[in-house]
Structure formats: C-alpha cells, structure tokens
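See structure below.
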Amino acid sequence: MNVFAEVEARVLAALKGLQAKGMLPEDLDFGAVAVEQPRDSSHGDLACNAAMVLAKAAKMKPRDIAEALSSSLKTDPDVASAEVAGPGFLNLRMRDGFWHDVVGAILAQGPKFGASGTGAGERTNVEYVSANPTGPMHVGHCRGAVFGDALANLLAFAGYDVTREYYINDAGGQVDVLARSVFLRYREALGEDIGEIPAGLYPGDYLKPVGAALAKEHGAALINMPEERWLPLVRSFAIDQIMPMIRDDLAALNIRHDVFFSEASLTRGGTDKVQAAVAELRKRGLIFEGRLEKPKGHDDEEWEDREQTLFRSTEYGDEADRALMKSDGTYTYFAGDVAYHYDKLQRGFRHLINVFGADHIGYIPRMLATIAAFTDGQVERDAKGKLKHWHTTGGTADLDIKVVNLVKLFKNGEPYKMSKRAGTFVTLRDVVDEVGGDPVRFMMLYRKELEPLDFDFAKVTEQSKDNPVFYVQYAHARAASVLRNAREAFADLEFVRDGTVSADLALLTDAGELDLIKKAAFFPALIEGAARAHEPHRLAFYLYDLASAFHGHWTRGNDLPQLRVIQADDRAITAARCALVASLQQVLSSGLTVLGVGAPEAMR
RNA sequence: GAUCCCGUAGCUCAGUCGGAUAGAGCACCUGCCUUCUAAGCAGGGGGUCGCAGGUUCGAAUCCUGCCGGGAUCGCCA
C-alpha cells in the first residue's frame, strides 16, 4: 500500500471528473501531477501540485483549478480537508482511519510491506567490486562493494530480477605479477632464501600460504621450468587460491555475488568471445583501422603513432576512439570489457548497472558508447555534445554507471596513506573484525555515493557509538523491547490474528502516534524513488528520520505517562499501541535488511 | 591542455521530477534518568545555498559564464 500512489489515483479520478463536467478542458497531460509530502507538516498530510502544472495548458488560473479539485476531493470519505494554499497547492488532510489502515497494511504484509512491483521482474545485472584478484580486499574497496550490494538489494525489493556479478580481472599483466610473486613464495616454501621481495612484485605475507600450497601440490617440479611454462599454471593456481579469500572478505560484510565472471574465460579453450563482439560492432560500421592522436598532458617520448583497430566511440560522444588491440596482437582490457558486456546483453539483461570507483571516471564514455552501440540506444548529450548523464537510453537494454567516490583514510585526524610495502595496508577484514560489519556498511551508505568519504579508522573504532547505525538499530531494539514488556504485562496480549490487526486502532488518536504512522506510510514511496534513482543512501537517511521520530515520541512518555505504550489498566489501548510499534519495527527491520544491516532485538 | 565530480551552518553532510519560512548530526549553550532501554529526548545560537546572469507563477535544484577544491587521461588494469 503506497498512500501517495493511492491518493494520486483519487486526484486523477477527480481531475477526469472535472473534465467530464466540462470544468477542465479535455486533452490535458496529467503526467506532471504529483502527490507528495509537504516539507512542512503544518501544510497538511499530502500536497498536490495539479493546479499549478495544469494551469498553463488549461489556460486557467491555478487557484481556480485547485478550488474545483478541492470541492471534488472533499466528497472522498477519507479526506478530512482539502485546502488551497500559496500559488495553488492543494493541501490534503486525511482522516485518522485512513492512517490506521496503514498500520493494518504494514502488519498484514509484514516483510513485504514496501516491496513493490515497479521493477516488473525485469532482469537487471549489477556489477560491483570487481577488484583485481591479487590479494585480500582493503578498505578502499568496500565502499563500492557495500554500495553495489545495497543497490542490488534495493532493486530486488522494488521488484527487479537482480543478478549480482563480479568481473574477475584475471587476464592482464597484474595477474602475471601475481604469479611471479607467488612463484617466489613457492621457492621460499621449498626452503630457498629469497631475500627481499624485488620491486614490482607483491610483497604481502598473504602470498606465503599460496606459495606453500603450490609447493605442496607440485613439490619441486616447477623449479627448473622456464617461466613461460610455469606462468600460466601458477597464475590460475594463485587466482583459485585468492578468490576464496576475497569471497570470505565480502561475506564478512554480508555481501555475496551470484556470478563470478572470468575475463580470461572470454578467450579460453578455442572460443574467442572478443572476436564475436567486435564482429557485431563491425557490422554496425563502428570498427575501423586508424591512428589516434597523441593524448595531451603527457610526456611525448613514449608515444608511438601507429595504425590500429579502433572502436568508433566518438560516435556516441566519447572524446577519442578506443583501441581494441595492443601492438603485440593481444586484446586491450577494453576489448575484453566490450565482449563481457556483449555477453551480459546476450544473457538477456534489460538493465545493466556498473559500480565504478572514482578513478575510473574516464572510462565511462567508452563504456556507455559500447552499450549504446550494441542496444541501438543513445548516450544523452547536451547541445554542445557533452555527456549529460551516465546512462544510456532508448535501446533494447540500458546501462547506468554509478560512481562511488574515494574513501579518504584518516588515522587520529591525520591523512593515512596505505602502502603494501610499508606495511600500512588496512584490509577490509581488519576493519570489520574491529568495528563490525553493520557500522561499516551503514557509514558507507549514509552518504551520497558521489561524495568523497572520510574514513577515520581510529574514530570508527573508538567512538563507534557516534555511528548513526546504532541510533537506528536502537529504535528497532526499543520497539522489540516494549513489545516484550507488553506481553509480560498482559500475558495473552494480542493485536494481530491471522494476519489482520485485531486491536482497535481507532484508539490511536495522539498526534505523535499519527505522525509516526504517516512517516512509516512513506516507506513504499521512498523505496520506489530510491530504486528508480539507484540511490540507496536515501533509505539510510529515511531510516534515521523514522528512528528519530520514534525516539522523540518515546521520550514524550517520560513527562506524559498516558502516552506510554503499556498502560497497565488498559488492555485495549496497549494492544493498539503495540500494533503501531510493531508496524514501526517492521519498517525499520525491512529497511535495515535492504541496507544489509542487522536489526537487533536488543542492544547488547 | 581536455573531460568529469564536488561547492549548502564553525565541521561532516541531507534536501524527492523545480514548490511554500533551506534541514540533520557533530561542536557550543540550557534543561530532562525513582519513569515502557539516557546508545535517548526537548530547547537555543549559528546561512549571501561559491559568484554573476538567464529560464518561470516559483530556482539550492534547470541553462550559460566565471571562481575554488578534487579525480581522470595512454596499447595500464
């Protein structure tokens, strides 16, 4: 039950009624008509902008439309008042019974309250994390991981059919470096003194067990092989060892993926998916042999001018065409990504979402161009041809690229630089072990993803009570606690029977109680808006707001005992208030679950 | 050089498709625990929404141009 959609439907019906009576011209576009929450609750429960958005097309004064709409809506038995205000707002107040029904709906629908059908089961692929499999996850990785995971949860809750995907970059030079680093640890495991790890290789201790495992499996068999023979073997061995480490790290943050897609698999075993994808682009006339201009702002010396295979991404607003083949005849990273995304499309996804780190911003235009090309879609541009949004439109499928900004690490207020070599490398696991997954997740989500985030390791560890996650969790625990106490006060207290509310909700007459219901009633609309915008942070802020309202109402009971939930001499009112508290607990629980954060029954 | 992001209270940040008197947390000040969990609550001070134009019934929000901070650029991944 979405009260905004509900009331909007009634407004639209009223507008059509006015048309039928000839009080409004036919042929009006009601698309911009919206029912929303007024910023100031003294204006009413709900506000409608219909009069103002229709005035021009209807060639009428906004206030005249609003007055007509007002008298029409006043006949609705749920409408307590419909006043025209300001330039033509229609402020609606609903009768208490309308809000009491929301409590009933929440308790009847349980965890499904707020879940929506807007996604219509459309197949959606969210690709996130995709860290190179060269070591354990560090704190910098976890923002994109948490964001992507929460976004996937949100979309699933909003009715999309979501696949969570991790692209394993296991084909480039970095994994060769990994293999060489592991090979060194392998020699070490066999008793050799390897001395200091040479520059250019990964020095981390986490590779020691990998080298030891390699020694256990192969003994000394690899030691005298030429590199070209052991390299591929060690490479895949190392990746097979490290991916479980990464999965474990992610699991510690309550993150799981449905699909791990290997870059190397694109060209393994006689198949060449890159070639197939490039052929598809060639068919569209977007592949050509040409020369690239020297990039500006870089030293000239290393630039080599040569003819090469290029993708005409400038066709879709990119600033340069993009190379697909290196001079040694192998594919570029981009070529692999083209094939990977072609594969996603062939798997039938209608919506693609990629979560990028801010350091990949420059990669966005070519990725958008790729999807636009494959789907016969467009990349939106403004009049000057600049990219307007980071998504494609109008094609058989679309891509939206979400960028999470950098996490700036601090320690005791000082900027903190991570370095694998200096041993100041902070792993994700260290943070989660010390602080817990819930605070990390909530902190990452309690912020618009495009904003930079300061992460002070010491502060999060020592003053974790400042983290808003506890505020929200406390509200949930408080609700659980009062329900426990109520059942103690009234042994067989009942407010729900067979999925419907049995308590007399008409007893909820306090303004604070009704205000809480109104906030809870906003949840479905919030979910829809956040899902549409791909912005999980809105949910985090909403939950904070709801928790705040609940804490405020609760504490009012200190001064005014008659407002407390448990009224020892009044079973009926206790039951009604318990129903309200249970409904708030449900919304808090559902929201926290979408964010991937726990909803505890008690705080410690 | 080019592209992109950001600029809202002392600090960190929200602000729904353009909506009414711009909000929260922290910090500061004043109160509230014999009371359903004080990890809480109530109140106070604090603003040129970076600057200047434009669009319109209405702009923190959209457009243009500046200013400031940050990120990125390649046959890397």
Side-chain angles (χ1 to χ4, degrees), chain A residues 31-32 34 36-40 43 47 49 52 55-56 61-62 85-89 91 132 134 169 171-175 263 292 294-298 302-304 306 308 318-320 322-328 330-334 336-337 357-365 382-383 386-387 390 403 405-406 446-448 450-454 464-468 470-471 473-475 477-478 481-486 488-489 522 525-526 529-530 532-533 535 537-538 540-541 544-545 548 551-559 561 564-568 574 577 581 602-604:
Chain A
E36 30 191 41
Q37 218 173 22
R39 192 163 290 174
D40 186 342
H43 290 130
N49 63 353
M52 288 171 293
K56 202 172 223 174
K61 287 183 196 160
F89 284 103
N91 291 330
N132 294 326
T134 56
N169 300 150
Q174 287 189 16
V175 283
E263 179 186 358
L292 284 178
K294 184 169 56 186
K296 287 170 183 165
H298 286 267
E302 288 184 30
W303 179 254
E304 179 200 342
R306 70 176 184 93
Q308 53 189 334
D318 198 358
E319 63 193 77
R322 301 298 173 179
L324 296 166
M325 305 278 275
K326 301 187 214 167
S327 56
D328 64 4
T330 60
Y331 293 122
T332 61
Y333 178 81
F334 174 61
D337 224 3
D359 52 345
H360 283 65
I361 274 190
Y363 199 70
I364 291 172
D382 67 13
K386 290 180 184 175
L387 284 179
W390 291 337
V403 174
N405 214 320
L406 303 177
Y446 196 64
R447 185 169 252 78
K448 205 161 49 186
L450 211 42
E451 289 283 328
L453 177 111
D454 293 346
S464 55
K465 283 179 189 174
D466 284 347
N467 192 309
F470 295 106
Y471 185 83
Q473 287 183 321
Y474 182 38
R478 231 176 195 174
S481 164
V482 73
L483 293 177
R484 277 195 302 272
N485 291 335
E488 238 166 71
F522 188 50
L526 185 283
R532 195 184 319 115
E535 290 185 348
H537 77 272
R538 289 192 200 178
F541 281 92
Y544 189 91
D545 189 52
S548 173
H551 287 311
H553 181 69
W554 173 276
T555 310
R556 241 165 270 137
N558 283 346
D559 294 332
R564 294 182 195 171
V565 173
I566 300 169
Q567 300 291 322
T574 302
R577 287 176 181 174
V581 170
M603 301 301 279
R604 251 169 253 179

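If you're wondering where the values come from, they're calculated on a predicted model, not measured in any experiment. So that the names make sense, note that chain A is the first sequence line, chain B the second, and so on, each numbered from 1.
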Taking atom [atom1] in both [N] and [M], compute the distance separating them and give it to the nearest angstrom.
N     : M     : atom1 : answer
B:U61 : B:C17 : C1'   : 11 Å
B:U21 : B:A27 : C1'   : 26 Å
B:C63 : B:U56 : C1'   : 13 Å
B:G18 : B:C29 : P     : 42 Å
B:G45 : B:C33 : C1'   : 27 Å
B:C67 : B:A20 : C1'   : 32 Å
B:G31 : B:U8  : C1'   : 30 Å
B:A22 : B:A14 : C1'   : 11 Å

Does [X] have any salt bridge (Lys or Arg N to Asp or Glu O under 4.0 Å) partners at least two apart in sequence or in another chain, and if so, which?
X        : value
A:Asp337 : none
A:Arg577 : A:Glu513
A:Arg564 : none

Using the rule for Phe, Tyr, His and the six-membered ring of Trp, do A:Trp554 and B:C41 stack at under 5.5 Å and under 30°? no
Let's see if you can work this out: which of [options] has an atom nearest to the side-chain heavy atoms of [X]?
X        : options             : value
A:Val565 : B:G19, B:C5, B:C36  : B:C36
A:Leu406 : B:A71, B:C75, B:A77 : B:A71
A:Arg532 : B:C75, B:C17, B:A14 : B:C17
A:Asn132 : B:A77, B:C4, B:A38  : B:A77
A:Arg564 : B:G40, B:A14, B:C36 : B:C36

[N] [atom2] sits how many Å from [X] [atom1], rounded?
X        : N     : atom1 : atom2 : value
A:Arg577 : B:C36 : CZ    : P     : 16 Å
A:Arg447 : B:A24 : CZ    : P     : 18 Å
A:His553 : B:G40 : NE2   : P     : 18 Å
A:Leu292 : B:A2  : CG    : C1'   : 15 Å
A:Asn49  : B:G18 : CG    : P     : 11 Å
A:Tyr544 : B:C13 : OH    : C1'   : 12 Å
A:Asn485 : B:U35 : CG    : P     : 13 Å
A:Tyr331 : B:C75 : OH    : P     : 17 Å

Quick one: list whatever passes side-chain contact (heavy atoms from CB on, under 4.5 Å) with [X], sequence neighbours left out.
X        : result
A:Glu451 : A:Arg447, A:Lys448
A:Met52  : A:Asn49, A:Pro62, A:Pro87, A:Phe89
A:Arg538 : A:Leu526, A:Ala530, A:Ala533, A:Glu535

Looking at [X] and [Y], what are the two nearest heavy atoms and their distance?
X        : Y        : value
A:Ser327 : A:Arg306 : N-NH2, 3.3 Å
A:Thr134 : A:Gln174 : CG2-O, 3.9 Å
A:Ala358 : A:Asn405 : CB-OD1, 3.7 Å
A:His43  : A:Pro38  : CB-CB, 4.1 Å

Taking atom types as modelled, find out whether A:Asn169 and A:Tyr333 have a side-chain donor-acceptor pair closer than 3.5 angstrom.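 The answer is yes; a qualifying pair exists.
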So what does [X] hit on the nucleic acid, given a heavy-atom distance under 4.0 Å: a base, only sugar-phosphate, or nothing?
X        : answer
A:Gly529 : nothing
A:Ala55  : nothing
A:Ile566 : base
A:Tyr333 : base

Counting N and O atoms only, with roles assigned by atom type, does the side chain of A:Thr574 sit under 3.5 Å from a partner on the main chain of A:Ile566, one being a donor and the other an acceptor?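 Side chain of A:Thr574 to backbone of A:Ile566: no pair is present.
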A:Phe334: partners by ring pair (Phe, Tyr, Trp, His ring centres under 6.0 Å), with sequence neighbours left out: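 Testing A:Phe334 for ring pair (Phe, Tyr, Trp, His ring centres under 6.0 Å), a comparison that skips the adjacent residues, returns none.
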Residues passing the ring pair (Phe, Tyr, Trp, His ring centres under 6.0 Å) test with A:His551, sequence neighbours excluded, are A:Tyr471, A:Tyr474
Any side-chain N or O of [X] less than 4.0 Å from the OP1 or OP2 oxygen of [N]?
X        : N     : value
A:Tyr471 : B:C41 : yes
A:Arg478 : B:A39 : no
A:His537 : B:C13 : no

Restricting both atoms to N or O, compile the protein contacts to nucleotides 6-10 of chain B shorter than 3.5 Å, with distance only.
| from | atom 1 | to | atom 2 | distance (Å) |
| --- | --- | --- | --- | --- |
| B:C6 | O3' | A:Glu451 | OE2 | 3.2 |

Looking at the base of B:C41, is there any donor atom on it, or on the side chain of A:Arg556, that sits under 3.5 Å from an acceptor on the other one? no
Donor-acceptor pair under 3.5 Å: do we get one between A:Thr332's side chain and the base of B:C75?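 No such pair is found, so the answer is no.
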Any protein N or O atoms within reach of nucleotides 20-22 of chain B? Criterion: under 3.5 Å, listing atom names and distances.
| from | atom 1 | to | atom 2 | distance (Å) |
| --- | --- | --- | --- | --- |
| B:A20 | N6 | A:Asn91 | OD1 | 2.7 |
| B:A20 | N1 | A:Asn91 | OD1 | 3.2 |
| B:A20 | N1 | A:Asn91 | ND2 | 3.0 |

Apply side chain to side chain contact (heavy atoms under 4.5 Å, CB included) to A:Leu450 and A:Val403, showing your working. CA-CA 6 Å; A:Leu450 211 42; A:Val403 174; 3.8 Å; yes
Assuming nearest nucleotide by heavy-atom distance, tell me which of A:Ile364 and A:Gly552 is located more 5' along RNA chain B.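 Result of the comparison: A:Ile364.
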Which is it for B:C33, anti or syn, if anything within 90° of zero counts as syn?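 Classified syn.
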Can you confirm whether A:Lys61 is buried at NZ, in the sense that more than 12 heavy atoms of other residues, nucleotides or ligands lie under 6.0 Å from that atom? no
A:Lys326 vs A:Tyr331, side chain to side chain contact (heavy atoms under 4.5 Å, CB included): CA-CA, chis, key distance, verdict: CA-CA 6 Å; A:Lys326 301 187 214 167; A:Tyr331 293 122; over 6 Å; no
Stem list for RNA chain B, please, built from Watson-Crick and G-U wobble pairs under 3.5 Å and keeping only runs of at least 3.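 Paired runs of 3+ in RNA chain B: B:1-7 with B:67-73, B:10-13 with B:23-26, B:28-32 with B:40-44, B:50-54 with B:62-66.
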Every protein N/O lying under 3.5 Å from an N/O of nucleotides 31-33 of chain B:
none

